[in-house]
Amino acid sequence: MESLRKLIYQVINDSSMITATISQLRKKEGISYTKVQIKPVELKKVLRYQFAYYYSNKIVHKNATEEEAITLLEELFEQTFRQGLICTSEADYQILISKKFKVSILTKSPSRSEVDLSHNRKKQYVLEEGQPIPFLVELGIMNEDGKVLARKYDKFKQINRFLEMVEDVLPSLPEDRPLTILDFGCGKSYLTFALYHYLAIQERRTLNVVGLDLKADVIEHCNLLASKLAYNNLRFLVGDIADYNELDKVDMVVTLHACDTATDAALEKAVRWDASVILSVPCCQHEVFTQVKNPLLDPLLSHGILKERFSALATDGVRAKLLDLMGYRTQLLEFIDMEHTPKNILIRAVKGDSGDRNQLWKEYTEFRDFLHISPYLEKVCVDLLPI
Ligand SMILES: C[S@@+](CC[C@H](N)C(=O)[O-])C[C@H]1O[C@@H](n2cnc3c(N)ncnc32)[C@H](O)[C@@H]1O
C-alpha cells in the first residue's frame, strides 16, 4: 500500500490529477455505492476535489480539501475498492489491489489533457511567489525580487503546507479579540515567522505570539530578526515548556518537533488553557518504547526498528484519544518536513465534542493496558480525565 499512498500524495500535492475513477467493490455488503469519480474543481478560487459517489439511483457529491482528498482516497483504496485509474497530465496510473491487499500500479502514457478549471490550475499557495515577502527574504528563501531560490523551494512548499493547515483552522479561532499563540520548542522559528506574517499581515489579525525554546542563542537570534522585521507582537523567550506559566489564556498552541515528552508537556499546557486549536508535530519518541510489552506483540516488538516505529505510532494514537477525551476533535494528518524526516504526523486538535466519553475512556484504557504503558500525558492530566 505504501507505493499507492505515495502516488496519491504525489498527484494531490503536485495538483497533477485530472480525473480518477475507483471501482470494483471489495465486498458488497454494507456499501451502497459502486464507483467513485474524483476530479479537481475550483471553488471560490481555491482548489478542491469533487468526489462523486455512484449509487444505483443517484450520484452524491462531496467536495474535499487536499488533505481530505488524500485521506478519502487512501480509505477508498484500503477499505472499499480493488481497482482504480488515476489520470494525470504526465501519465495514467492503473491500480489493482489483490484480495490480500497486494498493490500493483501500471504506468501508461497519459490519455487526458489538462483541464481548464475555469481559472488557472497553478497551485494556489498561501504565500505567493513574485512579490518579496520580507521574512522569507531575511531567511534566505526568496530573493529581493520575490523569486524563491531553487534550493529553497522545498522549504517554501513546507511553509505553505503548514499555513494551509493554519488556514483550515481559522474558523475555529475566536474572531472578536486579539489572538494569543504559543509556539513551544520554536527552534529557529521559520514556521513561527510564517505564522505571524500570515495572520498579522495577510489576515490582519491582532496577535500576541510567543516562541519558547531552551536554547538561548537561538532565541536571541529570533528576537533580533523579529525586531528587524518590525514584528512587534512576536517575542521569543528562553525556557522549558513544562515550567512556562506566563499566560492565563492561549488560543492556539503550536509545537513542531519538540522532543519526546516535551510534546506532551505542550499538549498539557494547551488543554489547561482551553486552547481553541492545537497543532503538534511530535518528534523522537522514547517513553512508550521503554514501556511497551505484550507477548502477543512479540513478532513486532522483538525487532528494534519495528518496536521504535510502533511505539511512535502508539504514542500518537494515545495522544489523539486523550485529547478527544479532554474536549477536542483530533485528527492525525501528514505533514512534510524536508529538514528532519521525509514524513511526519501532525496532530490537529480543535475544541469540540468527540462523542461518548465513557466509550472513549474504555477504548483508551483497553489500548493502554494491552500495551502495558503508562503515558506521560495521562499522568499529568489525570484531573481532567474520567477516572
Ligand atoms: C527539532 S527542534 C524543532 C524546532 C522548530 N519547532 C522546527 O520545527 O523547526 C526541537 C526544539 O525543541 C526545543 N525543546 C526541546 N525540549 C524542550 C523543552 N522541554 N522546552 C523548550 N524547548 C524544548 C529544542 O531546544 C529544539 O530547538
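Start at 1 and go down the list; that is how both ligands and their atoms are numbered. Everything numeric in this text was worked out from a predicted model, so none of it was measured. Side chains are part of it too, since the values below use all heavy atoms of this structure and drop only hydrogens, waters and symmetry mates.
Comparing Asp260, Leu214, Thr261 against atom 22 (N) of ligand 1, the shortest heavy-atom distance belongs to Leu214.
By the 6.0 Å and 45° rule, Lys351 stacks over the aromatic ring of Tyr328. Cation-pi geometry between Lys307 and Phe289 is met: under 6.0 angstrom from the ring centre, within 45 degrees of the axis. Cation-pi check for Arg26 over Phe101 is met; the charged atom lies under 6.0 angstrom from the ring centroid and within 45 degrees of its normal.
Sorted by first and then second residue, the side-chain hydrogen bond (donor to acceptor under 3.5 Å, both in side chains) pairs involving residues 314-327 (not counting sequence neighbours) are Asp264-Arg319, Gln285-Thr315, Asp316-Arg319, Lys321-Glu363, Asp324-Thr330, Asp324-Ser354.
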Distance-only check: which donor-acceptor pairs under 3.5 Å involve side-chain atoms of residues 215-226, not counting sequence neighbours?
residue, atom, partner, partner atom, Å
Asn223, OD1, Phe236, N, 2.9
Asn223, ND2, Phe236, O, 2.9

message = Run the side-chain hydrogen bond (donor to acceptor under 3.5 Å, both in side chains) test on Tyr364 and Glu378 for me, step by step, so that the C-alpha distance in whole Å, both residues' side-chain angles and the decisive distance to 0.1 Å come before the verdict.
response = CA-CA 10 Å; Tyr364 169 71; Glu378 181 194 331; 2.7 Å; yes

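An N or O contact shorter than 3.5 Å is missing between Asp183 and ligand 1 by distance. Of the polar atoms of Ile241, at least one N or O is found under 3.5 Å from an N or O of ligand 1, judged by distance alone. The distance criterion of under 3.5 Å between nitrogen or oxygen atoms is met by Leu256 with respect to ligand 1. Residue contacts with ligand 1: Asp213 is placed with a nitrogen or oxygen under 3.5 Å of a nitrogen or oxygen of the ligand (distance criterion only). Checked against a 3.5 angstrom limit, the closest N/O atoms of Gly185 and ligand 1 fall inside it.
Using a non-hydrogen distance threshold of 4.0 Å, Lys215 registers as a contact of ligand 1.
Contacts between Cys186 and ligand 1, counted as non-hydrogen atom pairs separated by less than 4.0 Å, involve the backbone only.
The ligand atoms of ligand 1 that sit less than 4.0 angstrom from a heavy atom of Gly187 are 4 (C), 27 (O). Annotation for ligand 1: atoms under 4.0 Å from non-hydrogen atoms of Gly239 are 20 (N), 21 (C).
For Phe156 and Tyr153, the distance between ring centers is under 6.0 angstrom.
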